[in-house]
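Let me begin by presenting the structure, written as structure tokens, before commenting on it.
Bear in mind the structure is a predicted one, so any value in this text is a computation, not a measurement.
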Amino acid sequence: MINRQALVGRHHPVIQGFDKNASLSVGNGNYAFTVDATGLQSFPALYADGGVPLGHLSNWAWHTLPNPEGYRMDHYPLTYYNTFNGRSVGFPYSPRGQRSAEYNWLQANPHRLQLGEIGFRISLPSGAEAASGDLTDMRQELDLWSGKITSRFSAARLRTVVETCCHPDMDLIAVRIGSELIADGALRIAFRFPYASGAFSGSPVWDEPDAHQTEIEAQSPSSIRLRRTLDADVHYMTAAWSGGSFVRDSANPHQFLLTPSAEDHGGEFELCFRFGLEANEDPLPAFGETETACRSHWESFWSSGAAVELAGSADTRAHELERRIVLSQYLTAIQSSGSLPPQESGLTHNSWYGKFHLEMHWWHSVHFALWNRTELLENNMGWYSDILPQAKALAASQGYNGARWPKCIAPDGVNGPCYIEPFLIWQQPHPIYYAELIYRSGGGDGVLARYREIVLESAAFMASFAEWDEEHSRYVLGPPVAPAQEIYDHAVTFNPSFELSYWAFGLSVANMWRERLGLPRDENWDHILQHLSRLPVVDGVYTAAETAPDTFRDKTGVVDHPTMLAPLGMLPGLMVDHETMRLTLHEVWKNWNWDHTWGWDYPMTAMTAARLGEGRLAVEALLMERGKNSYLPNGHNYQRPDLSVYLPGNGGLLTAVAMMASGWEDGPDTHAPGFPQDGSWTVRCEGFVRML
């Protein structure tokens, strides 16, 4: 049995100073607060330029810019494309780089809102405000087992200790401060509230004070409730503290300063603050109550579900892989397990206007079920039912049956205009995969009832999207279609290999669900399965699409995602010849442009290698030294300066490791079948659910 506390404990992040790539977060799945080395958000500028920003985001806080022109998606002009058999279908398309004011507004709204910054203001003996360089003796640790960050620093030789934690059931942060600065009146806490940005990365806007309002609704000597109004959007912040004064900054209507009382509590001070859509008047819990709830939550999290330990491995990289595994579990739990599918940068900072990408949802969340934490996957699933009417309306507007799931969206489920997003289809079978995985994880008949409509309506669209090719007596996918490898012309592309295999999987599972529900198999779905186009092969290897025969001959085809591997790896291999896939794997390994990939491409490659019995290659893929496969001190998968957080990489890593450690259905009955079997890796694992 694995000593889980020891396993987790050896990977607590320890930060020794200000490091823009080492900010730390606390959160509960729907809300997260990211801090610098002081334990609050005291020096955000140090982290903003290419680092991991000090975000403060939630799943409920969204903002919509004023819309004086009355832009609406149902009024956006459509561009029409012919399908394989010549039917004309309209899409909200705009060529890359051609952005009208209407396009810009519809794409950017609504966007996720940065709630505010809460950080220290420290006065030096000279009277000047301390800069980051004035702080010394810095040490910060995130105790993963208890979910608490403890930060230590000195200013003017006076010591400060800060404890920061997030309530597991409320969007609330609790802070306990012990500081010699309090007695001198040299420590204050600033609350700053920004306007919202409609930019891609959504950085807070500080220079438009007249565009929003911050009003005091209620105040007492030890608490305050603020009402925040940004155009038509309203939310609230309530704060409570153990003693001190809370005043508005006379120079800034959106900044408040909290000064702890020098006389009370012997240099100790407690603060909690809560954000929400409603003006909650309930008393806020004290720090100790939140700390206890947080510790209980995280002890339960780590003690339940699955675990894998790599200590004792001869391969010297085992400790680093184990670190990535442990930290990825924490990061995905606090940012990807809430009521909405997560955005790619989670609740740490905005990307794509704070919206979430449904094709990425698989990479974010499938691992929860494999690690025997199925309820965290199910937290996201209810939203599909919420937007089912919109998905059915989208399909019907294009002449299809069932529900067509959108791509890049806010909670309203409406995709904005784009040059690529409306043409993607690989998100379509995802809900079927999730539902099947939940069912096989022990959900039983309740799962069948809960997800029946989602599964059957997803499959109904898939069946109507496949078109009959009379000349070759087969069904084809596209055009128009944008494959997951987003480098091909959606107007002419058809039969992408990954999507073909995923269509076969989705329709097969959906007909199994009909039988479980006591319904007859759908004969049309079976006919499509029997006559679906085969995966395209050129020179003995699978290509990206039937319309991309030069995938490997032309070097422009070996960038972005090597999705021709996904049919056997991410998917269980319907229509796949194993030896052809083995040749494809080695072709990808040798010739792919790995500097132009994304973080989930490495675990995708590892899963294909694992299913082919090539454990050494699977490990090499997970640990390949490339920029897009780097993991920061806080555990985040880094991609580029404006995308320093990329949670599909973390989730993909956990999915691949679960598969490699515990196996897959109909896989070999050996221990840790996806790892090398030569004794170089010692793998102890428990509690996993086998992959499909």
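- Under the side chain to side chain contact (heavy atoms under 4.5 Å, CB included) rule, Leu54 has a single partner from Leu24, Thr34, Val35, Thr348, which is Thr34.
- Look at Glu322 and Arg317 and you find no salt bridge, because none of the NZ, NE, NH1 or NH2 atoms lies under 4.0 Å from a carboxylate O.
- In the model, Trp405 has no side-chain atom that pairs as donor or acceptor with a side-chain atom of Glu359 under 3.5 Å.
- Side chain of Thr597 to backbone of Trp594: a donor-acceptor contact under 3.5 angstrom is found.
- Using cut-offs of 30° and 60° on the angle between ring planes, the pair Phe200 and Tyr353 is perpendicular.
- Under the rule for a side-chain contact (heavy atoms from CB on, under 4.5 Å), the partners of Asn30 that lie at least two apart in sequence or sit in another chain are Asn28, Asn59, Ser339.
- The side-chain contact (heavy atoms from CB on, under 4.5 Å) search around Pro168 returns Ala293, His297, not counting sequence neighbours.
- Formation of a donor-acceptor pair under 3.5 Å by the Ser313 side chain with backbone atoms of Asp315 is not found in this model.
- Looking at Ser644, its side chain never comes within 3.5 Å of a backbone N or O of Tyr638 through a donor-acceptor pair.
- Relative ring orientation between Trp362 and Tyr433 is described as perpendicular, the plane-to-plane angle rising above 60° on a 0-90° scale split at 30° and 60°.
- The main-chain N or O of Gly338 is found under 3.5 Å from a side-chain atom of Asn380 such that the two form a donor-acceptor pair.
- With Thr563 contributing its side chain and Ala566 its backbone, the two residues share no donor-acceptor pair below 3.5 Å.
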Side chain to side chain contact (heavy atoms under 4.5 Å, CB included) evaluation trace for Gln343 with Trp352: CA-CA 8 Å; Gln343 70 166 318; Trp352 286 276; 5.9 Å; no
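- The pair Glu141-Lys148 fails the salt-bridge criterion, with no side-chain N (NZ, NE, NH1 or NH2) lying under 4.0 Å from an Asp/Glu carboxylate O.
- Ring orientation note: the planes of Phe461 and Trp503 are nearly perpendicular, at an angle over 60° on the 30°/60° scale.
- Aromatic ring pairs are classed by plane angle as parallel below 30°, tilted from 30° to 60° and perpendicular above 60°; the pair Tyr502 and Phe505 is tilted.
- A cation-pi geometry, defined here as NZ or CZ lying under 6.0 Å from the six-membered ring centre and within 45° of its normal, holds between Arg373 and Phe301.
- The aromatic rings of Phe356 and Trp62 sit perpendicular to each other, their planes meeting at more than 60°, with 30° as the lower class boundary.
- A perpendicular orientation is assigned to the rings of His430 and Trp426, their planes being inclined by more than 60° (bins at 30° and 60°).
- Note on Glu309 versus Arg4: no salt bridge recorded, every NZ/NE/NH1/NH2 to OD/OE distance being 4.0 Å or above.
- The backbone N or O of Gln329 lies less than 3.5 Å from no partner atom in the side chain of Asn650, so there is not a single donor-acceptor pair.
- A donor-acceptor contact shorter than 3.5 Å is absent between the side chain of Gln639 and the backbone of Gly649.
- Ring to ring, Tyr384 and His361 are close: their centroids are under 6.0 angstrom apart.
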